[in-house]
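Every chain is numbered from 1, with letters handed out A, B, ... down the list of sequences.
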There are 2 protein chains.
Amino acid sequence: MARPTQRITESQQAMLSYIQDYILTNGRPPTFRDIQRGANISSLSMVSHYLDILREAGEIEFNESSSRGVWVKSLPKPGDFVRVPMCGVITCDGEHGVPTPDADALRNPEDWIPVARSLVGNAKLEDLYALRARGDSMIDAMINDGDLVIMRRNFDYKDGGLYAVMLSDRNETTLKRVFKDGKKFKLKPENPRLEPFWVDARSAQLQGRVVCVVRAM
Amino acid sequence: MARPTQRITESQQAMLSYIQDYILTNGRPPTFRDIQRGANISSLSMVSHYLDILREAGEIEFNESSSRGVWVKSLPKPGDFVRVPMCGVITCDGEHGVPTPDADALRNPEDWIPVARSLVGNAKLEDLYALRARGDSMIDAMINDGDLVIMRRNFDYKDGGLYAVMLSDRNETTLKRVFKDGKKFKLKPENPRLEPFWVDARSAQLQGRVVCVVRAM
DNA sequence: TATTATACCGAACTGATGTTCTTTGTCAAT
DNA sequence: ATTGACAAAGAACATCAGTTCGGTATAATA
């Protein structure tokens with residue numbers, strides 16, 4: 001990425017910071033007069049002039065002749081993210097190991113988790129939900145206590161993906177890496193120190209695909 | 001969370017969708033006239049009226065008497081996120097196992113990683129950087145090949161946190177959970193199946209703290 | 001049919017907002 | 001001192017944008 005060809009002055013830098021703070025605080029860009037007041041610029045024409053310089057320096061972009069048209073390039077845009085409903089907990093007991101949330105839980109979640117759009121691919125928003133891992137029962141899937149697991153319903157099956165697998169004969173749902181082999185599934189724990197095993201495709205249902213895992217520390 | 005007390009009509013829903021799309025596309029809210037044109041509303045006063053209804057229904061919020069003051073509540077705001085510079089790779093060889101990026105790498109990164117602000121706590125933006133894990137050398141820290149590790153310089157030491165630890169006698173830097181015990185560090189692999197071990201505090205340097213780990217699948 | 005209430009349209013209004021232009025101030029070279 | 005080049009201030013302007021309001025159409029009610 002190219003560095004600014006033009007050095008910017010201290011007051012221009014201060015103005016840039018103000019615009020950035022304004023966007024972060026208000027969620028939308030400021031007007032020229034907001035900038036003038038907030039960054040203590042002496043006149044509107046100076047605001048306009050500084051904006052030209054900041055644009056040349058590659059720090060901002062803006063739509064001319066349109067209100068609140070300025071944006072700081074280093075800031076993410078709303079379209080870079082999605083919000084995913086938090087719908088419950090992955091526990092180690094089989095019955096509710098990996099819950100499938102109902103419509104109500106999806107619409108009225110306990111919480112909303114912001115996730116970078118680049119992490120969830122082309123998934124439809126309404127197919128995504130988040131679960132919190134509890135205990136170390138998912139350690140074979142390299143998922144730790146407290147991890148956030150973003151799941152996707154209505155996935156396309158992709159060999160080798162990590163899925164919530166319901167094993168009907170064991171009455172148990174866990175996360176495993178899945179490979180299809182004729183009428184059998186090969187279920188491979190994510191931890192390479194553990195051995196894979198096979199189950200009959202009829203006794204295994206793929207309830208959702210893991211889209212990403214997030215661990216706050 | 002309270003459900004909408006008022007059912008919204010189809011055209012109101014269409015208007016809501018238009019506003020949402022506008023924000024996602026343009027990064028800022030639309031004007032009333034944008035909405036009128038884009039969502040095919042017959043008059044400006046109808047736009048205003050529908051906005052009142054959508055606000056009552058809890059779908060939007062807006063600043064009155066201010067241009068482009070409407071926001072769709074289900075959309076994240078720019079302030080919900082930060083962008084972290086991508087500064088290299090964690091490999092299994094000791095020397096460059098967990099690199100500490102220089103100023104230039106921080107300012108001109110290969111890439112920018114969007115991260116939810118709630119994940120990075122109160123860290124200063126300039127202290128954060130991202131590394132990509134390569135190989136399974138970090139598996140003891142529950143970090144997988146391809147994982148994104150968000151690191152923080154200038155951290156406050158917190159007992160039991162995950163740190164990039166430089167072991168000078170081994171000439172090796174790895175990620176371990178660290179507990180202080182007098183003049184010794186207790187280094188505990190994240191994987192509970194592995195045993196912790198002790199090192200002298202003088203031969204171990206904490207280079208950075210792991211703030212969060214993100215795994216795309 | 002007459003009445004009332006409600007939804008809706010469109011124009012006009014008022015303040016907000018980006019742009020332009022003239023004037024003023026500063027500084028260096030002549 | 002004079003001039004020219006440049007930066008900066010402030011007013012004026014044209015358009016943008018949210019609000020208001022009188023009027024019309026539609027539907028329900030008596």
Return the value, rounded to whole Å, for the distance between atom [atom1] of [X] and atom [atom2] of [N].
{"X": "B:M46", "N": "C:dA11", "atom1": "CE", "atom2": "P", "value": "16 Å"}
{"X": "A:L51", "N": "C:dT17", "atom1": "CG", "atom2": "P", "value": "15 Å"}
{"X": "A:Q36", "N": "C:dG18", "atom1": "CD", "atom2": "P", "value": "11 Å"}
{"X": "A:D52", "N": "D:dA7", "atom1": "CG", "atom2": "P", "value": "13 Å"}
{"X": "B:R37", "N": "D:dA17", "atom1": "CZ", "atom2": "C1'", "value": "11 Å"}
{"X": "A:Q12", "N": "D:dA7", "atom1": "CD", "atom2": "C1'", "value": "12 Å"}
{"X": "A:I35", "N": "C:dA16", "atom1": "CD1", "atom2": "C1'", "value": "14 Å"}
{"X": "B:R28", "N": "D:dC16", "atom1": "CZ", "atom2": "P", "value": "13 Å"}

Can you run down the ring pair (Phe, Tyr, Trp, His ring centres under 6.0 Å) pairs that involve residues 139-161 of chain A, sequence neighbours left out, and say none if there aren't any?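 Non-adjacent pairs meeting ring pair (Phe, Tyr, Trp, His ring centres under 6.0 Å): A:F155-A:Y163, A:Y157-A:Y163.
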Output every pair passing ring pair (Phe, Tyr, Trp, His ring centres under 6.0 Å) with a member in residues 32-87 of chain A, not counting sequence neighbours, ordered by first then second residue.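 Ring pair (Phe, Tyr, Trp, His ring centres under 6.0 Å) check on residues 32-87 of chain A returns A:F81-B:F81.
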With side-chain hydrogen bond (donor to acceptor under 3.5 Å, both in side chains) as the rule and sequence neighbours excluded, what pairs involving residues 77-89 of chain B come up?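 Every pair satisfying side-chain hydrogen bond (donor to acceptor under 3.5 Å, both in side chains) with a residue in residues 77-89 of chain B: B:E61-B:K77.
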With sequence neighbours left out, what residues match [X] under side chain to side chain donor-acceptor pair (under 3.5 Å)?
{"X": "A:S203", "answer": "none"}
{"X": "B:S48", "answer": "none"}
{"X": "A:D147", "answer": "A:R215"}

Pairing residues for B:R209 by the salt bridge (charged side-chain N to carboxylate O under 4.0 Å, His left out) criterion, not counting sequence neighbours: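 Counting only residues at least two positions away or on another chain, B:R209 forms no salt bridge (charged side-chain N to carboxylate O under 4.0 Å, His left out).
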Check salt bridge (charged side-chain N to carboxylate O under 4.0 Å, His left out) between B:D34 and all other residues, then give those that pass, not counting sequence neighbours. B:R37, B:R68
Please tabulate the protein-to-nucleotide N/O contacts below 3.5 Å involving nucleotides 18-21 of chain D, giving atom names and distances.
| from | atom 1 | to | atom 2 | distance (Å) |
| --- | --- | --- | --- | --- |
| D:dG18 | OP1 | B:R68 | N | 3.0 |
| D:dG18 | OP2 | B:F32 | N | 2.7 |
| D:dG18 | O3' | B:S65 | N | 3.3 |
| D:dG18 | N7 | B:R33 | NH1 | 2.8 |
| D:dG18 | O6 | B:R33 | NH2 | 2.7 |
| D:dT19 | OP1 | B:S65 | N | 3.0 |

Nucleotide pairing, DNA chain C (Watson-Crick or G-U, distances under 3.5 Å), in dot-bracket with [ ] and |: ||||||||||||||||||||||||||||||
Here the pair of heavy atoms bringing A:M15 nearest to A:I35 is CG-CG2, 3.5 Å
Looking at A:E126, I'd like to know if its CD atom is crowded, meaning that more than 12 non-hydrogen atoms belonging to other residues, nucleotides or ligands lie closer than 6.0 Å.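 Yes, CD of A:E126 has more than 12 neighbouring heavy atoms, counting only those of other groups under 6.0 Å.
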Please tabulate the protein-to-nucleotide N/O contacts below 3.5 Å involving nucleotides 4-6 of chain D, giving atom names and distances.
none

Could you name each residue pair satisfying salt bridge (Lys or Arg N to Asp or Glu O under 4.0 Å) that touches residues 8-19 of chain B, not counting sequence neighbours? none
